[in-house]
Amino acid sequence: MELNKIYDANQVEKKWYEFWDNKGFFKPNTLDKDSQPFTVLIPPPNVTGILHMGHVLNNTLQDIAIRFNRMKQRPTLWIPGTDHAGIATQNMVEKELAKEKITRHDIGREKLVEKIWEYKNQKGSHIIEQLKQLGCSCDWSREVFTMDENLTEAVKEVFIHLYNKNLIYKGKYIINWCPRCVTALANDEVEHEDKKGKLWYVRYPLENSSEYLIIATTRPETMLGDVAVAVNPNDERYKHLIGNNLLLPIANRIIPIIADDYVDKDFGTGCVKVTPAHDPNDYEIGLRHNLDKLIIMDEHGCINENAPKEYFQLDRFVARKMIIEKLKEENLLEKIDDHENSVGHCYRCDTVVEPYLSDQWFVRMKPLSERAIKVVEEGDIKIYPERWTKVYMHWMNNIRDWCISRQIWWGHRIPAYYCESCKEMIVAKEMPDICPKCGGLSFQQDNDVLDTWFSSWIWPFSTMGWPKKTPDLEYFLPTSLLITAPEIIYLWVARMIMATLEFQDKIPFNTVLLHGIVRDGQGRKMSKSLGNSPDPIDIINNVGADALRFSMVFNTPKGQDSFYSEEILETGRNFCNKIWNAFRFIVMNIDKTKITNEHSKESTNIGFISNNLSDLADQWIYSRLNQVIKDVDEHYINLRFNDAAQLLMQFIWDEFCSWYVEMAKERLTISPKVETTKFGVEFVLLDVMQTSMRLLHPIMPFISEEIWQLIKQIYLAPQCSSMKCESGLSMNEEALIIANFPEVKDEMINKKIDSEMSLIQETIVSIRNLRKQLNISPAVNINIVLKLSNETQNELYTKYQGYIRKLGKVDKIKMGIDAEKPSSSMVAVVQDIQIFLPLEGLIDIEAEKLKLQKQKEKLENELNIIQGKLKNEKFIMNAKPEIITKEKEKELEVATRLNTVLEVLSEL
RNA sequence: GGGUGCUUAGCUCAGUUGGGAGAGCGCUUGCCUUACAAGCAAGUGGUCAGAGGUUCAAGUCCUCUAGCACCCACCA
């Protein structure tokens with residue numbers, strides 16, 4: 001079998017994805033009551049969106065959790081779906097229309113909605129296809145869309161239920177209004193930004209007087225809507241004027257001076273103009289004083305007919321300029337100050353938001369929040385990282401009513417109908433036939449649609465078929481894990497908790513994992529305008545989904561921001577290649593027929609290797625492998641995927657490839673003496689490889705499946721489908737994706753073996769170091785002398801000197817307890833072992849002394865610290881016993897090393 | 001204005017009940033060693049932001065200071 005020298009993800013990934021999907025591996029394997037399911041809900045991407053790096057991170061994390069639990073043989077379900085994304089999607093289509101100079105009003109509601117559906121159908125599957133390329137193992141047979149028939153039904157059900165419970169009401173209110181999108185925005189949809197602006201000081205003349213009050217304002221154009229000026233009732237400067245009237249400039253209206261506690265005496269001049277229809281605070285003041293609500297702007301942010309004619313239909317900012325000019329002309333502008341204040345912008349189009357008085361629908365949130373607070377407080381729902389629970393609680397405790405109506409056309413239309421004759425409002429799923437009040441027969445449905453989040457907050461059960469009673473709903477709710485970004489804690493996470501408690505009497509999920517945003521190499525947010533946001537599909541086409549996934553996870557500590565850059569991507573790409581080549585080495589060196597034959601003799605069942613596992617390297621790699629299984633398993637469970645990735649890379653690359661495979665070469669090629677030994681090496685190589693692929697599969701599903709399948713295909717005798725190895729794993733599953741996750745065999749973790757191996761390894765490293773110091777070419781073999789300190793070491797080194805020769809490129813080794821230091825030589829010290837590299841020519845004794853002197857100082861320092869501790873009575877009294885034992889062991893070790901160094905020094 | 005975090009190697013960051021300072025990338029040096037140059041080998045590099053405190057012991061806990069980030073909020 002010929003394998004490509006460089007791993008080619010393109011030839012691998014598509015093939016396996018189709019295989020998995022066709023075999024139905026993404027579906028839960030059972031709905032058996034005795035098994036505990038593992039369920040994840042996808043945060044639905046915009047149906048017409050395209051994949052960006054944030055999606056990559058988010059969905060990779062979900063897929064890892066899903067694949068891990070699937071391999072743990074739990075019934076596993078990842079429900080996919082997309083969101084209709086009201087404003088965003090409608091904007092896209094309106095933009096298209098604008099190219100042909102058509103507005104939505106030209107074609108009307110029905111036609112626009114039709115066009116958006118067309119647009120949706122054309123773009124809708126795009127992001128789903130992209131998620132598949134990323135490897136996401138969602139159950140596509142359960143895919144939903146927020147405007148599917150059933151989900152629409154669910155939305156209506158929820159609306160009506162809440163309306164009947166008096167938890168939804170219609171009211172007039174000052175809301176945030178985007179004049180460009182021509183719709184209300186929820187508080188969460190407004191982004192505040194500190195901007196340098198101006199504070200204009202305007203003179204308002206007193207009626208029948210030459211005196212005036214000075215009013216400071218940041219929005220002079222709203223003075224057209226002023227209905228009063230307010231001062232603090234305790235403000236001595238103005239007390240006497242309360243109840244008097246002012247002549248409002250420009251509009252030329254008479255307005256009263258009123259007193260209200262809201263006014264801060266120390267800000268500006270202490271006088272506030274009151275514009276109830278265009279400022280939320282003023283609205284409140286207006287209510288208290290029973291003032292008119294004079295609306296002077298239309299829905300596009302242009303001045304309306306309630307203002308003087310010359311401003312009619314002018315944009316608010318144009319009007320502002322003109323008003324300022326006019327005030328200057330009339331000498332009514334006292335002064336202009338620079339002023340920094342926070343200006344709200346539309347999160348969709350960045351237009352400055354206008355406070356606007358209009359009819360809107362609201363959900364009363366307070367009654368819903370109580371249980372939602374409790375379930376988090378009591379730990380029924382766990383939020384990671386934990387600090388976000390505070391954020392959640394703060395919002396919940398200060399919750400406000402939720403404005404759910406939007407003045408757009410794309411979305412779930414509010415199920416409220418108005419009788420055309422008597423204006424009676426009826427809330428119902430379908431248009432009523434007859435008005436219960438007047439008997440009228442024709443009705444008009446409310447024009448507004450619901451906030452997109454109104455269909456998202458019921459996601460945990462609408463996706464499972466509610467309001468129908470489905471087996472899914474029964475079995476998979478509450479779900480196990482929600483993975484999302486902290487920026488939508490309020491918008492989505494908190495609301496799902498409230499809705500699911502209200503409608504299902506259950507929590508929606510047990511655990512919430514919040515991850516950070518993806519930044520570029522310089523720590524900047526990814527954004528279109530910066531041009532630092534790469535197309536993930538390009539990356540996948542280039543290096544493969546595995547490399548992308550691994551790189552993302554590797555750089556994403558739990559709950560932290562992650563960083564993406566091309567260098568980071570190389571980590572994953574190079575790792576793929578490393579794994580691939582390790583496998584290539586196996587294929588090139590292990591005889592297929594022999595393995596197959598030996599195997600069919602059943603000689604490789606459990607027990608065979610154990611009996612023959614006499615080699616240190618074999619024992620060591622299994623010791624390490626099992627430790628790694630244990631740790632990786634914990635990391636996956638604790639959602640510490642980056643730790644799992646890091647550990648796996650370290651194990652496969654450093655321990656398996658750099659040490660075990662290198663040592664295996666010695667046995668495979670240099671001394672093929674004992675057949676069983678050699679056979680053992682071959683088997684261990686295969687076994688560790690296949691076990692590693694299992695561990696790695698959740699993060700790198702494609703390359704792991706490819707290699708696992710190739711091992712089966714090449715090495716498994718057809719007549720014997722089970723290859724039982726020391727890892728205790730057979731390979732009789734049809735695919736790795738549904739194979740068992742490895743289970744740790746504690747008895748194979750062996751500290752003694754580990755330390756024997758590290759002694760050999762340290763020895764080899766020291767020899768290489770000596771060579772390097774002398775600039776000896778890697779092509780040249782050297783001779784060394786090893787002075788050992790006891791018989792155990794003697795046995796160990798005698799037995800495994802082959803490794804030292806091979807890995808240290810050593811020809812002759814003279815070793816023993818009595819080995820003598822050659823007269824002219826370089827020296828290195830490993831624990832209590834002395835390594836000499838004899839020199840033919842001159843040796844720089846001074847340089848050698850200096851090196852050893854440094855070591856000596858370091859060791860002495862260390863020893864002093866340890867002995868200081870041990871002499872400290874308080875330490876002995878207070879420290880835990882195991883710490884003291886550890887310190888004593890350390891003392892002995894350091895002292896031994898120091899002695900060895902001193903010994904060598906004295907001989908020099 | 002309120003809140004939450006962050007400050008550890010040149011860069012980006014780990015460091016989970018306090019007990020031997022880590023990773024990736026970068027850098028230096030030498031190697032195409034028969035799996036891999038997307039590689040191998042050997043190295044360099046840190047007053048853990050600053051000050052104080054608790055403790056036998058502090059990167060880790062407490063207080064303060066400085067700098068930074070993010071979130072929330074109606075200051076005209």
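In the text below, chain A, chain B and the rest are named by the order of the sequence lines, each starting its count at 1.
Comparing the P positions of B/C74 and B/C68 gives a spacing of 26 Å, expressed to the nearest Å. The separation of B/A14 from B/C6, taken at their P atoms, amounts to 9 Å, rounded to a whole angstrom. Using atom P as the reference point in both B/A41 and B/G24, the two lie 12 Å apart (nearest Å). With P as the reference atom, B/U34 and B/U12 are 39 Å apart, rounded to whole Å. With both ends at atom P, the span from B/A23 to B/G3 equals 39 Å, rounded to whole Å. Here, B/U7 and B/U60 have their C1' atoms 15 Å apart, quoted to the whole Å. With both ends at atom C1', the span from B/U63 to B/U55 equals 16 Å, rounded to whole Å. Here the separation of B/U4 from B/U8, taken at their P atoms, is 22 Å to the nearest Å.
A salt bridge is absent between A/Lys888 and A/Glu891; no separation between the charged side-chain nitrogens and carboxylate oxygens falls under 4.0 Å. A salt bridge links A/Glu893 to A/Arg897: at least one charged side-chain nitrogen sits closer than 4.0 Å to a carboxylate oxygen. Between A/Glu221 and A/Arg320, at least one side-chain nitrogen of the basic residue sits less than 4.0 Å from a carboxylate oxygen of the acidic one, meeting the salt-bridge criterion.
In this structure, a donor-acceptor pair under 3.5 Å is present between the side chains of A/Arg667 and A/Tyr803. For the 3.5 Å distance criterion, the side chains of A/Thr389 and A/Lys382 fail to qualify, holding no donor opposite an acceptor. A side-chain N or O of A/Asn769 and one of A/Gln773 form a donor-acceptor pair less than 3.5 Å apart. When only modelled atom types and interatomic distance are considered, A/Tyr204 and A/Asp226 share a side-chain donor-acceptor pair under 3.5 Å. Remark: the A/Gln11 side chain and the A/Asp8 side chain contain an N/O donor-acceptor pair separated by less than 3.5 Å.
Residue A/Ile835 contributes atom CD1, which lies 13 Å from atom P of B/A42 at whole-angstrom precision. If you measure from atom NZ of A/Lys869 to atom C1' of B/A58, you get 12 Å, rounded to the nearest angstrom. Whole-Å rounding puts the A/Met552 CE to B/C13 P distance at 14 Å. Atom CG of A/Asn861 is separated from atom P of B/G20 by 15 Å (rounded to the nearest Å). The NZ atom of A/Lys273 sits 12 Å away from the P atom of B/A76 (whole-angstrom rounding). Between the CE atom of A/Met649 and the C1' atom of B/A38 there is a distance of 12 Å, given to the nearest Å. Spacing between atom CG of A/Asn4 and atom P of B/A38 amounts to 14 Å, rounded to whole angstrom units. Across the protein-nucleic acid pair, A/Met663 atom CE and B/U33 atom C1' stand 16 Å apart, rounded to whole Å.
Side-chain to base pairing of A/Lys578 with B/C36: one donor and one acceptor N or O lie within less than 3.5 Å of each other. No donor-acceptor contact under 3.5 Å links the side chain of A/Glu887 to the base of B/A57. A donor and an acceptor atom never sit less than 3.5 Å apart when one is taken from the side chain of A/Lys809 and the other from the base of B/U33. Contact of A/Lys874 with B/A57 (side chain to base): no donor-acceptor pair of N or O atoms is detected under 3.5 Å. Not a single donor-acceptor pair, N or O on each side, falls under 3.5 Å between the base of B/C56 and the side chain of A/Asn872.
Contact annotation: A/Asn638 side-chain N/O to B/U16 OP1/OP2 distance is not under 4.0 Å. Regarding contacts with the backbone of B/A41, a side-chain N or O of A/Ser658 is found under 4.0 angstrom from either OP1 or OP2. Proximity of A/Lys880 to the phosphate of B/A57: no side-chain N or O atom is located under 4.0 Å from OP1 or OP2. In this model, the phosphate group of B/G43 is not approached by any side-chain N or O of A/Lys772 to a distance below 4.0 Å at OP1 or OP2.
Distance alone, capped at 3.5 Å, is enough to place a donor-acceptor pair between the A/Arg771 side chain and the A/Lys809 backbone.
In this structure, of B/U16, B/C31, B/C75, it is B/C31 that holds the atom nearest to the side chain of A/Pro778. Ranking B/C36, B/A76, B/G19 by closeness to the A/Glu662 side chain, first place goes to B/C36. Distances were taken from every side-chain heavy atom of A/Asn878 (C-beta onward) to each of B/C56, B/C74, B/C72; the shortest belongs to B/C56. Looking at the side chain of A/Thr218, the nearest of the listed nucleotides B/A35, B/C31, B/A76 is B/A76. Comparing B/A73, B/C31, B/G19 by their closest approach to the side chain of A/Arg400 singles out B/A73. Distance from the side chain of A/Arg387 is smallest for B/U4 among the nucleotides B/G43, B/C74, B/U4. The A/Arg640 side chain lies nearest to B/A14 when the options are B/A14, B/A76, B/G39. Side-chain atoms of A/Trp653 lie closest to B/C40 of the nucleotides B/C40, B/A38, B/A35. Minimum atom distance to the side chain of A/Asn642 is reached by B/A14, of the listed B/A14, B/C75, B/A35.
For the pair A/Asn574 and A/Gln773, both in contact range of RNA chain B, the more 5′-proximal nearest nucleotide belongs to A/Asn574. Nearer to the 5' terminus of RNA chain B, by closest-nucleotide assignment, is the contact made by A/Lys390 (compared with the other of A/Gln646 and A/Lys390).
Counting any heavy atom pair closer than 4.0 Å across all strands shown, A/Cys657 reaches a base atom. Counting non-hydrogen atoms under 4.0 angstrom, A/Val391 reaches nothing in the nucleic acid. Here A/Ile6 lies in heavy-atom contact (under 4.0 Å) with a base. Within the nucleic acid shown, A/Arg573 comes within 4.0 Å of at least one base atom, counting heavy atoms only. Residue A/Val765 is classed as a sugar-phosphate contact, given heavy-atom separations below 4.0 Å to backbone atoms only. Across all strands, A/Asp264 comes closer than 4.0 Å to base atoms (heavy-atom distances).
Taking a pair to require two hydrogen-bonding distances under 3.5 Å in either a Watson-Crick or a G-U wobble arrangement, B/C32 remains unpaired. In this structure B/A14 sits in no base pair that meets the Watson-Crick or G-U test at under 3.5 Å. When Watson-Crick and G-U wobble pairs are counted only if both distances are under 3.5 Å, B/G1 pairs with B/C72. Taking a pair to require two hydrogen-bonding distances under 3.5 Å in either a Watson-Crick or a G-U wobble arrangement, B/C64 pairs with B/G50. Both distances falling under 3.5 Å, in either a Watson-Crick or a G-U wobble arrangement, occur for no nucleotide opposite B/G26.
A/Glu873 CD: 12 or fewer foreign heavy atoms inside a 6.0 Å radius.
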